[in-house]
Amino acid sequence: MHVTLPDGKQLELQHGATALDAAKAIGPRLAQDALAATANGELTDLMTPLPDEAAITLITKKKPEDAAPLFRHSLGHVLSQAVGEFYMAKGFPREAVKRGVGPFIENGFYQDFDLPAPLSEEDFPAIEGVMRDILGRNLDITRADVGKAAALEQFAYDPYKVELIAGLPDDEPITFYSQGDYVDLCRGPHFPRTGALPTAFRLMSTSSAYWRGDASRPTLQRVYGVAFATQKELDAYLERLEEAKRRDHRKLGREMELFVIDPLVGKGLPLWLPNGAILREELAAFLKEQQFQRRYQGVITPNIGNLELYKTSGHYQNYSDSNFSPITVDDEQYMLKPMNCPHHVRIYASKPRSYRDLPVRLAEFGTVYRYEQSGELNGLTRVRGFTQDDAHIFCRPDQLKKEFLDVLDLTVLVLATFGMTDVRFRVGTRDASGGKYVGSDENWEAAERQIIEAVGEVGLPFTVEPGDAAFYGPKLDFVIKDVIGREWQLGTIQVDYNLPERFDISYTGEDGADHRPIMIHRAPFGSLERFVGILIEHYGGDFPLWLAPRQVLIVPIADRHNDYARELEQELHAAGLRAEVDDSSNRMNAKVRSAELSKIPVMLIVGDQEQAGRQVSVRERTTEGTRERKAVGFDDLKTELLERYRARA
RNA sequence: GCUUGUGUAGCUCAGUGGUAGAGCACUCCCUUGGUAAGGGAGAGGUCGUCAGUUCAAUCCUGACCACAAGCUCCA
């Protein structure tokens with residue numbers, strides 16, 4: 001076989017040779033330092049046979065981070081081994097610990113266990129201790145091919161492994177990786193020995209995980225760990241987690257009095273406090289202005305609807321699990337509205353439509369209710385009652401592309417307005433097998449094709465995810481990462497040929513005949529709840545002036561300046577700015593501190609000097625830090641603030 | 001819904017088998033201070049809920065409720 005090295009040098013090795021063989025052929029020193037390799041661009045380990053034509057690079061202890069997935073995976077095995085030893089030390093037999101899967105993940109690894117007694121996070125220091133001990137033993141990690149029968153015999157005690165092995169093809173060898181007396185079914189790749197693994201790891205949490213992700217199968221206990229090549233990287237990662245905690249919208253939401261979730265009202269049903277309501281209203285006003293310019297028309301629809309409506313739309317049948325149960329009134333059944341679309345369709349159908357009327361763009365901040373599983377609820381980002389910035393565009397086929405592009409343009413504008421750059425565009429299409437979709441194949445294909453075309457035309461990077469479509473049509477979602485890397489879907493655009501058909505809506509064409517309109521569903525924010533939640537974390541509570549619930553705080557230095565301060569407050573308020581006076585008996589330093597902690601963007605400090613010349617001393621929070629200006633004319637400042645407010649800066 | 005945790009004053013958290021404490025916030029008094037904490041006093045708690053064990057439970061046990069992390073799910 002043929003191996004090409006990064007410098008272009010060629011090696012001729014025996015068939016089945018490994019990266020270690022290649023390293024040995026180059027030199028004994030390299031063979032000693034090598035930890036992993038890439039073959040034709042893919043990470044591999046030192047013990048797996050190379051392909052017959054391989055361009056390889058060797059990864060040594062100088063740059064272990066290049067092989068992070070490998071050491072994370074190996075540390076997962078070390079965890080698995082350590083947990084086994086931990087339970088044996090408690091007197092359980094070796095076979096008592098059964099294991100699900102244990103892959104590497106973004107910053108670390110996890111391992112699923114079926115344990116004889118639950119593991120708690122208090123056990124982590126002890127288990128980490130065993131792990132470090134295993135690293136200290138410097139066990140060789142070896143790879144072996146075994147036959148299926150032997151594999152089944154080896155893991156006869158472990159039903160999970162048996163199931164995994166049984167699912168593997170009969171004729172291909174099954175690989176095991178071992179270190180010391182620990183053996184696991186594994187495809188690899190791994191580090192060559194436990195002593196080479198980084199010690200910068202930490203066990204983070206446990207959780208339940210369904211065997212094979214299936215809620216009807218047994219629950220396993222999953223242990224998560226993070227691991228990095230160096231302690232410095234681990235520390236930086238932990239610091240990021242701390243930062244995420246500081247920015248957590250649930251914490252800031254309470255501190256800044258934006259919202260509360262009151263169990264007496266109901267879980268997943270947030271109450272917007274005055275400060276939060278301001279945020280929400282500012283966002284709504286921003287979008288309404290845009291929609292007005294783009295010729296949308298506002299509509300308002302009720303929060304419940306007749307069950308027949310949702311049977312016609314298909315929401316009732318297709319999403320029975322996530323609807324609130326119907327309410328019976330006078331022999332009729334009603335349901336809390338899970339979607340605004342059916343209502344908007346009926347508004348479209350409320351009068352005959354001509355091709356001249358199209359497109360019809362109906363917009364509503366519509367509140368919907370969905371029964372989310374209790375474990376899914378999360379602050380504002382996952383709730384049971386929320387308001388979508390919804391709109392439905394009914395258009396002719398020849399208008400579809402232009403309309404879609406306009407919606408895309410609006411969404412890009414929204415994201416840009418908030419400086420959201422780490423956004424992923426995801427095209428959700430049907431998956432071939434699924435039966436939950438309504439409508440004809442040709443409609444689906446046309447819709448999917450047009451979304452992909454339009455997105456391509458705008459030049460946005462996107463991924464296509466089969467199976468991610470709505471039941472009535474494919475969609476384009478905007479997905480943003482929060483501070484700790486969790487992804488949240490924000491806006492969505494969906495092309496729908498099916499609801500118009502289900503509701504049998506039409507327009508009269510130029511030819512005098514009836515034609516079927518196409519619907520676009522769109523929500524640039526997605527939901528106001530989730531968007532505000534993400535926005536709080538995005539800004540860390542430091543909102544720009546236009547969004548800040550408390551914009552200006554006037555700080556009188558002594559009581560004798562209170563009247564002047566109140567006078568300024570009156571004027572700012574009359575001009576439409578959210579201003580307050582801190583007339584408490586605190587010292588001015590304390591007032592400044594308290595305003596800073598409240599993240600109020602503009603502070604006006606007034607004392608004798610300012611009062612004499614109708615001036616203010618300005619202290620502002622900016623992304624670059626504190627900015628101070630002394631002796632600023634109040635009227636100029638007011639004009640400046642108003643301009644910034646109107647410009648949404 | 002599942003697993004592991006957590007639940008004590010508005011917030012952040014101590015604490016004990018003999019019915020509770022701090023800091024901040026709040027109220028009042030003193031202080032009138034020039035860009036991140038002036039001083040003092042006071043008020044505030046059914047120790048998540050309901051059962052059980054006990055002479056006695058905030059503490060131990062159980063169930064429930066809520067919350068957190070993750071899993072599953074997300075029109």
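Convention: sequence-line order gives letters A, B, ...; per-chain numbering from 1.
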Would you give the length of the straight line joining atom [atom1] of [X] to atom [atom2] of [Y], rounded to the nearest 0.5 angstrom?
{"X": "A/T411", "Y": "A/L490", "atom1": "OG1", "atom2": "CG", "answer": "10.5 Å"}
{"X": "A/Q388", "Y": "A/N340", "atom1": "CD", "atom2": "CG", "answer": "5.5 Å"}
{"X": "A/I518", "Y": "A/L400", "atom1": "CD1", "atom2": "CG", "answer": "4.5 Å"}

For atom [atom1] of [X] and atom [atom2] of [N], their distance in whole Å:
{"X": "A/L264", "N": "B/U49", "atom1": "CG", "atom2": "C1'", "answer": "13 Å"}
{"X": "A/L597", "N": "B/A36", "atom1": "CG", "atom2": "P", "answer": "11 Å"}
{"X": "A/I557", "N": "B/U35", "atom1": "CD1", "atom2": "P", "answer": "8 Å"}
{"X": "A/L119", "N": "B/U4", "atom1": "CG", "atom2": "C1'", "answer": "9 Å"}
{"X": "A/Q373", "N": "B/A66", "atom1": "CD", "atom2": "P", "answer": "14 Å"}
{"X": "A/I554", "N": "B/G34", "atom1": "CD1", "atom2": "P", "answer": "20 Å"}
{"X": "A/Q611", "N": "B/U32", "atom1": "CD", "atom2": "C1'", "answer": "14 Å"}
{"X": "A/L336", "N": "B/A75", "atom1": "CG", "atom2": "P", "answer": "19 Å"}

What distance, rounded to whole Å, do you find between the two [atom1] atoms, one in [N] and one in [M]?
{"N": "B/C13", "M": "B/A68", "atom1": "P", "value": "14 Å"}
{"N": "B/A51", "M": "B/C28", "atom1": "C1'", "value": "44 Å"}
{"N": "B/G48", "M": "B/G7", "atom1": "P", "value": "8 Å"}
{"N": "B/U12", "M": "B/G17", "atom1": "P", "value": "26 Å"}
{"N": "B/U58", "M": "B/A9", "atom1": "P", "value": "15 Å"}
{"N": "B/A20", "M": "B/U4", "atom1": "P", "value": "34 Å"}
{"N": "B/U8", "M": "B/A22", "atom1": "C1'", "value": "12 Å"}
{"N": "B/U3", "M": "B/G44", "atom1": "P", "value": "42 Å"}

Determine whether the aromatic ring centres of A/Y348 and A/H392 lie less than 6.0 Å apart. no
Are A/Y319 and A/F471 an aromatic pair by the rule of ring centers under 6.0 Å? yes
Sorted by chain and number, sequence neighbours left out, salt bridge (Lys or Arg N to Asp or Glu O under 4.0 Å) with A/R250 holds for A/D248
Give a yes or no on whether a salt bridge exists between A/R522 and A/E403, defined as a side-chain N under 4.0 angstrom from a carboxylate O. no
Side chain of [X] only, heavy atoms from C-beta on: which candidate in [options] is closest?
{"X": "A/Y319", "options": "B/G33, B/A36, B/A75", "answer": "B/A75"}
{"X": "A/E372", "options": "B/U4, B/C73, B/A75", "answer": "B/C73"}
{"X": "A/R560", "options": "B/G70, B/C73, B/G33", "answer": "B/G33"}
{"X": "A/R382", "options": "B/C74, B/C71, B/U35", "answer": "B/C74"}
{"X": "A/S617", "options": "B/U35, B/C67, B/A75", "answer": "B/U35"}
{"X": "A/Q494", "options": "B/A75, B/A37, B/C67", "answer": "B/A75"}
{"X": "A/A470", "options": "B/U35, B/A75, B/A37", "answer": "B/A75"}
{"X": "A/N378", "options": "B/A37, B/G38, B/A69", "answer": "B/A69"}

Heavy-atom nearest nucleotide on RNA chain B taken for A/Q609 and for A/I261; more 5' hit belongs to A/Q609
How do A/S205 and A/H561 order along RNA chain B: which one's closest nucleotide is nearer the 5' end? A/H561
Is there a donor and acceptor pair, one atom on the side chain of A/S208 and one on the base of B/C2, closer than 3.5 Å? yes
Assess whether one donor atom and one acceptor atom, taken from the side chain of A/D559 and the base of B/U32, lie less than 3.5 Å apart. yes
Using a 4.0 Å heavy-atom cut-off across all strands, classify [X] as base, sugar-phosphate, or nothing.
{"X": "A/S374", "answer": "base"}
{"X": "A/E610", "answer": "base"}
{"X": "A/D123", "answer": "nothing"}
{"X": "A/G213", "answer": "sugar-phosphate"}
{"X": "A/K337", "answer": "nothing"}
{"X": "A/S585", "answer": "base"}
{"X": "A/A209", "answer": "sugar-phosphate"}

Checking A/Y334, A/Y316, A/F503 against A/L309 for side chain to side chain contact (heavy atoms under 4.5 Å, CB included), the one that qualifies is A/F503
At less than 4.0 Å, is any side-chain N or O atom of [X] found next to OP1 or OP2 of [N]? Yes or no.
{"X": "A/R254", "N": "B/U12", "answer": "yes"}
{"X": "A/N586", "N": "B/G39", "answer": "no"}
{"X": "A/K591", "N": "B/A36", "answer": "no"}
{"X": "A/R250", "N": "B/A69", "answer": "yes"}
{"X": "A/R619", "N": "B/A36", "answer": "yes"}

Where does RNA chain B form stems of at least three consecutive Watson-Crick or G-U wobble pairs, each pair having both distances below 3.5 Å? B:1-7 with B:65-71, B:10-13 with B:21-24, B:26-30 with B:38-42, B:48-52 with B:60-64
By ring-ring contact (aromatic ring centres under 6.0 Å, His included), A/F462 pairs with (sequence neighbours left out) none
Give me the ring orientation class for A/H521 and A/Y472: parallel if the planes are under 30° apart, tilted from 30 to 60°, perpendicular past 60°. parallel
Does the plane of the ring in A/Y539 sit parallel, tilted or perpendicular to the ring in A/F543? Use 30° and 60° as the thresholds. perpendicular
Per-pair stack call A/Y224 and B/G70, 5.5 Å, 30°: no
